[in-house]
Structures are given as structure tokens and as C-alpha cells.
Amino acid sequence: MELLDPVLRGEEPTGANSDMRRTAIAGIRGDHPLYPVGEMLHFPDGSTAALGVAAGRAVLAADLSASEGWIAVDQPRARAVLDYGIHSLISAPLQARGVVLGSVDFWRKDKGPFEPEELSVAEELAARAGVAIDNARRFTREHTMAVTLQRSLLPRSLPTHSALEVAHRYLPAQPGVGGDWYDIIPLPGARVALVVGDVVGHGLHAAATMGRLRTAVHNFSALDLSPDELLAHLDALVSRLDAEGDSDVEISGATCLYAIYDPVTGRCTLSRAGHPGPALVLPDGTVTYPEISGSPPLGINEGLPVETTDLVLPEGSRLVLFTDGLVERRSRDIDAGLEVLRATLARPGDLGPEATCQSVLNALLTDRPTDDVALLVARTRLMDPSRVADWDVPGDPTAVSRIRAEAARVLNGWGLADATYTTELIVSELVTNAIRYGSPPIKLRLLHDDDTLICEVADGSSTAPHVRQAAFTDEGGRGLFIIARLAHRWGTRYTARGKVIWAEQSLGTEVPHDTLNGEALLDQWTDEEW
């Protein structure tokens with residue numbers, strides 16, 4: 001049997017090339033001289049196979065020794081076939097939906113030549129085989145599309161981050177592509193978000209749904225929401241998508257675990273919606289499953305509150321996030337799987353995230369998984385306290401110059417004298433506006449994280465600032481515009497007791513002094529609407 005190359009790839013044949021690749025041969029001893037499996041065959045006009053494809057029906061060559069068209073294809077091989085004793089051939093096209101997929105040849109060696117009445121039998125066999133091959137081709141195409149979609153939606157590589165050392169694994173289930181995903185999302189203030197999610201089901205719908213939820217998590221993370229707020233928004237999104245009825249299959253059943261780790265305090269804040277909680281491996285090797293407050297899966301929460309859990313992680317702790325496919329099997333309940341995971345993580349030795357991932361997979365997945373598996377292992381780091389400076393700011397505008405001078409002194413101690421000018425501008429603007437428009441307590445914090453300098457000003461007010469487009473004659477209203485020009489990026493995040501305005505500088509791209517009219521800005525602190 002021979003098939004067109006596009007069919008083997010799951011594609012629709014275009015008819016641009018009639019060459020076929022031999023894909024199967026059976027019924028003849030292994031010493032036969034016929035073309036082997038995998039050989040690309042060319043059938044010129046007049047050959048038996050070409051005549052069958054052109055006519056759309058089986059063609060009989062009762063006496064191969066007298067078939068000039070067949071012999072002309074490959075004379076040396078034709079002679080070897082005849083010498084082997086093969087003397088008769090029926091070639092029938094493999095078709096489905098009027099499209100030629102390939103060709104099937106029936107050879108005869110020891111019996112008498114094929115008779116014309118046997119053509120109908122060959123055509124019937126070829127017709128049944130053509131339908132089966134076309135079904136397999138379409139399944140292959142859909143599976144390939146789903147795999148391609150899923151791979152494009154999953155992160156190709158995770159960002160490196162000073163707060164964590166991370167390793168990850170993803171194993172699709174044997175039946176097909178699923179909807180498990182994982183992510184690491186850098187957040188302002190040197191923090192990082194860890195995400196693991198699971199969409200029930202397999203195939204294109206699960207992969208597409210996974211992509212939609214992963215994109216939504218990225219967008220919500222850009223708003224710097226707390227884990228409980230983010231999952232509440234994600235739940236509302238899933239409910240809305242289900243209510244719109246744009247799919248025959250509901251999304252309900254998706255789960256998610258979202259965690260934010262702060263390397264300054266070592267605090268990790270987690271929320272989960274129908275998802276298994278993480279395993280925690282402390283530096284001394286102790287393994288626990290922290291009690292993480294949970295809510296129902298996404299889309300069926302019905303407005304119930306999503307709670308958060310705070311953990312303080314010592315430096316060197318390993319946080320292991322996973323989907324249920326890792327620990328739950330048909331032959332093993334989830335409690336047994338969790339116990340195997342605990343025993344694996346408790347093995348002696350200071351394993352890094354990569355070694356931990358491999359050790360876990362070796363212990364829990366002895367054969368091909370029947371459900372998708374996503375695994376994320378993160379080893380925590382703490383920021384050097386000497387690279388953190390903070391101040392309590394009094395509500396007196398005259399204190400701004402003192403705070404600015406102390407910030408400059410800290411930067412000189414960090415060896416960042418080149419960033420002093422820009423940082424003084426940012427500190428003065430943010431602190432001044434916090435005093436004028438915010439509420440106590442007011443705090444200033446500077447963080448030196450690798451090649452990034454972060455300035456944060458917190459106050460007790462929840463009123464959000466926004467950039468104004470000040471007119472040329474306005475004396476104020478340009479404060480945040482200045483911040484936006486000086487900083488690599490800036491933004492606002494809300495806390496339980498107010499907000500934090502932050503600005504990040506990339507230390508390799510310092511702004512020239514004359515970019516914004518130089519030193520005059522140090523003496524003109526503009527009013528800003530908050």
C-alpha cells in the first residue's frame with residue numbers, strides 16, 4: 001500500500017505531486033524483491049497504478065510479463081519480481097470523498113492469475129480502507145492542530161527571576177492534548193507570581209480554553225491584583241463565557257492555583273479555586289501540605305468569597321505546584337499519590353528544582369499518564385537586607401528634602417551614584433504627592449534588585465493617581481508625566497490599608513540630566529490630581 005505524503009502528515013492531498021510512499025506490505029515472505037516500506041515511488045503515465053488512479057477504479061494486469069507500462073517503471077526490479085514468481089497484479093486507488101489518498105496493490109505468486117471478476121472485490125477492500133485512512137488522516141490533522149495550538153499557548157521558556165530558582169515539566173496525556181498549564185509572571189517590587197491551572201478534558205477545546213484563561217491571568221496580573229481578587233475575576237470571566245454559549249462545551253471544571261512570593265519579606269500569598277494545594281519542602285527536609293483556603297472550581301463559585309493564605313517561607317524552601325494528574329490515577333486515589341509525593345520530596349539531599357522535578361516524575365509516573373501533568377518547582381531566595389532601605393515619612397512637606405538626601409546617601413552606598421539624580425526626582429515627586437494628597441502612614445522604600453532600582457511610596461489612601469495632560473500655561477499637573485519619562489515603568493498596587501505607588505529604573509539606561517530641563521525640576525514640585 002502506498003500513500004501520498006500529505007496524507008501521512010494528516011493534510012489534505014493537493015494533487016500537485018503524484019509520488020507515493022510505501023507504507024505497508026504483508027502476505028509475502030521477507031525475501032521478496034518489492035519496494036520496501038518507506039520507499040518513495042513514482043508512477044509514470046501508463047503504469048498500472050497510474051491508470052487506476054486516473055480511472056478511479058481497479059486495474060488488472062493479469063500477466064505482468066506482458067505489461068509494458070508496469071515493466072517501464074523500473075526494469076531491473078520488474079525482472080527481479082518476475083523471477084521471484086510474482087506474475088499478476090491488481091492496482092486499486094484508495095479514495096475518500098472523491099479525493100485520491102494513495103493506492104493499494106494485490107500481487108499473486110503461486111496461484112493462477114487474477115480474474116476480471118476479482119476487480120470488484122479489490123475495489124470494495126480499497127474503498128473500505130480509503131474511508132479508514134481518511135478518518136485517521138483527519139484525526140491526525142486535528143491532533144496536530146491541537147498540539148500546535150497548545151505548544152503556542154504554553155510558555156516556551158519561563159523568565160529568570162532573582163526571587164526564585166524554578167524548574168517545570170509538562171507531560172500530555174496519552175489520549176490527546178489537554179488543558180493543563182503553568183506560568184511564572186514577574187510583578188513589581190521584585191515579587192513574582194506562580195500559576196498552575198487545569199482545564200477538564202482534552203483536544204482543541206481544552207487547549208483553546210487553557211489559552212484564554214492563561215491570557216486572562218496575565219492581564220489580571222498586570223493590574224497587580226491580590227490572589228483572591230484575581231481568582232474572583234477569573235471565575236466571573238469563566239461564568240460569563242459559559243453564559244454567552246459560544247461553545248458546545250462549558251468551561252466549568254477549570255481549576256487554578258495562584259501564588260505571589262515577595263523575596264523582601266519571604267511571604268507567599270496563595271489562593272486556589274478547586275485546585276490541589278502545593279507541597280512545601282523546608283530547608284531541613286520537612287515536607288508539609290499547608291492548609292490553603294479553597295473555593296469551588298472556576299465558573300461555579302456563584303459569588304462565594306475566595307480566601308487567601310499567607311505563608312512565610314525560609315530561604316531555600318521548595319514550593320511544589322502540580323495538577324491532579326500527577327498524584328491521582330485510576331489505580332491510585334489522590335491520598336495515596338500525595339503520600340508517594342511526600343516520601344519522594346523527603347528524600348535526603350539538597351536537590352535543586354531540576355533534580356526535584358525529575359525525581360518526582362520518576363516516582364509517580366511509572367508509565368504513560370492518562371491525564372495531563374503540569375509540575376512547577378520553585379526554590380525561594382531572599383533579597384539581601386543590605387539592598388533594602390525604608391523610611392517612615394512625616395506628613396510635613398519640609399521633610400522631603402531630608403528624605404531625598406537620605407535616599408541619595410543610600411544610593412551612593414550601593415555604588416549607584418549615576419542613578420542619584422533620577423532617583424531624587426522620583427522620590428521627591430512621589431513623596432510630595434503622598435504628603436499632599438495621601439493619608440498617613442506614609443512610607444518610602446528603595447530596593448536594589450540586580451540591574452533594577454525600585455522606588456515605592458505607600459500611604460493609607462486608596463485614591464488612584466492618573467497622568468494629566470497639562471497645558472503649556474499650567475503651573476502643575478506634570479508630576480506623573482515626569483515619573484513616566486524617568487522610570488522604565490511605574491504603577492499602582494492596592495494593599496489592605498491603602499496603596500503603593502512604585503517606579504522602576506533600569507540601571508543600564510539612565511536618563512540624561514537635560515532630558516527634562518535639568519536641575520530646575522528639583523525645585524519645582526508640580527501638583528498632581530490623585
Q. Any chance CD of E307 has more than 12 other-residue heavy atoms, nucleotides or ligands included, within less than 6.0 Å?
A.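 No.
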
Q: Taking atom CZ of R138 as the centre, report whether more than 12 heavy atoms of other residues, nucleotides or ligands fall under 6.0 Å from it.
A: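 For R138, atom CZ is crowded (more than 12 foreign heavy atoms under 6.0 Å).
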
Q: I would like to know whether V431 and I442 meet side-chain contact (heavy atoms from CB on, under 4.5 Å); could you show each step before the answer?
A: CA-CA 8 Å; V431 170; I442 301 172; 5.5 Å; no

Nearest 0.5 angstrom please: [X] [atom1] to [Y] [atom2], how far?
{"X": "R21", "Y": "Y35", "atom1": "CZ", "atom2": "OH", "answer": "14.0 Å"}
{"X": "D228", "Y": "T308", "atom1": "CG", "atom2": "OG1", "answer": "5.0 Å"}
{"X": "S239", "Y": "L298", "atom1": "OG", "atom2": "CG", "answer": "8.5 Å"}
{"X": "T255", "Y": "D324", "atom1": "OG1", "atom2": "CG", "answer": "6.5 Å"}
{"X": "T323", "Y": "D180", "atom1": "OG1", "atom2": "CG", "answer": "4.0 Å"}
{"X": "T209", "Y": "R214", "atom1": "OG1", "atom2": "CZ", "answer": "14.5 Å"}

If you look at every heavy atom in [X] and [Y], which pair is closest and at what distance?
{"X": "L364", "Y": "G337", "value": "CD2-O, 3.6 Å"}
{"X": "V195", "Y": "C256", "value": "CG1-SG, 3.9 Å"}
{"X": "L280", "Y": "P290", "value": "CB-CG, 4.0 Å"}
{"X": "L230", "Y": "S221", "value": "CD1-OG, 3.6 Å"}
{"X": "R493", "Y": "W502", "value": "NH1-CD1, 3.9 Å"}
{"X": "L101", "Y": "A96", "value": "CD1-CB, 4.1 Å"}

(Q) Quick test of your reading: applying salt bridge (Lys or Arg N to Asp or Glu O under 4.0 Å), list the pairs with at least one residue in residues 280-292, sequence neighbours left out, ordered by first then second residue. (A)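 Sorted result for residues 280-292: empty, none.
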
Are [X] and [Y] close enough for a salt bridge, meaning some N to O gap below 4.0 Å?
{"X": "R379", "Y": "E354", "result": "no"}
{"X": "E11", "Y": "R137", "result": "no"}
{"X": "R489", "Y": "E504", "result": "yes"}
{"X": "R387", "Y": "D384", "result": "no"}
{"X": "R97", "Y": "D134", "result": "yes"}

**Q.** Residues R9, T140; criterion side chain to side chain donor-acceptor pair (under 3.5 Å); working and verdict
**A.** CA-CA 7 Å; R9 297 192 298 268; T140 300; over 6 Å; no

Would a distance-only check, ignoring hydrogens and angles, find a side-chain to backbone donor-acceptor pair under 3.5 Å from [X] to [Y]?
{"X": "H233", "Y": "D235", "result": "no"}
{"X": "T422", "Y": "A487", "result": "no"}
{"X": "S271", "Y": "S293", "result": "no"}

**Q.** Flag for D459-S439: side-chain donor and acceptor within less than 3.5 Å
**A.**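 Note: S439 and D459 side chains miss the donor-acceptor criterion.
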
**Q.** Any donor-acceptor N or O pair under 3.5 Å, side chains T269, Y261
**A.**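 Note: T269 and Y261 side chains miss the donor-acceptor criterion.
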
Q | Residues E456, R445; criterion salt bridge (Lys or Arg N to Asp or Glu O under 4.0 Å); working and verdict | A | CA-CA 5 Å; E456 297 180 341; R445 186 170 73 167; 2.8 Å; yes

Can you sort out the partners of [X] under side chain to side chain contact (heavy atoms under 4.5 Å, CB included), two or more places apart, ordered by chain and number?
{"X": "L125", "result": "F106, V121"}
{"X": "A216", "result": "F220, L234, L237"}
{"X": "D262", "result": "R191, V264, T265"}

Is there a side-chain contact between [X] and [Y] in this structure, where contact means two heavy atoms from C-beta onward sitting under 4.5 Å apart?
{"X": "L326", "Y": "L361", "result": "yes"}
{"X": "L164", "Y": "R381", "result": "no"}
{"X": "S317", "Y": "P283", "result": "yes"}
{"X": "S461", "Y": "K499", "result": "yes"}
{"X": "V373", "Y": "Y170", "result": "no"}
{"X": "M383", "Y": "D449", "result": "yes"}
{"X": "D105", "Y": "R22", "result": "yes"}
{"X": "L270", "Y": "P278", "result": "yes"}

Q: Under the side-chain contact (heavy atoms from CB on, under 4.5 Å) rule, what do H161 and V166 come out as? Steps first, then yes or no, please.
A: CA-CA 9 Å; H161 201 281; V166 178; over 6 Å; no

Q: Show the numbers, then the answer: is there a side-chain contact (heavy atoms from CB on, under 4.5 Å) between V500 and T495?
A: CA-CA 7 Å; V500 176; T495 65; 3.9 Å; yes

Show every donor-acceptor pair shorter than 3.5 Å between a side-chain atom in residues 339-348 and any protein atom, with sequence neighbours excluded, or say none if there are none.
residue: R342; atom: NH1; partner: V287; partner atom: O; Å: 3.2
residue: T344; atom: OG1; partner: V340; partner atom: O; Å: 2.8

Q | Stepwise side-chain contact (heavy atoms from CB on, under 4.5 Å) test for H218 and D183 | A | CA-CA 9 Å; H218 269 267; D183 227 328; 2.7 Å; yes

Q: Mind jotting down which residue pairs meet the ring pair (Phe, Tyr, Trp, His ring centres under 6.0 Å) criterion with at least one end in residues 272-326? Sequence neighbours excluded, please.
A: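 Found none.
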
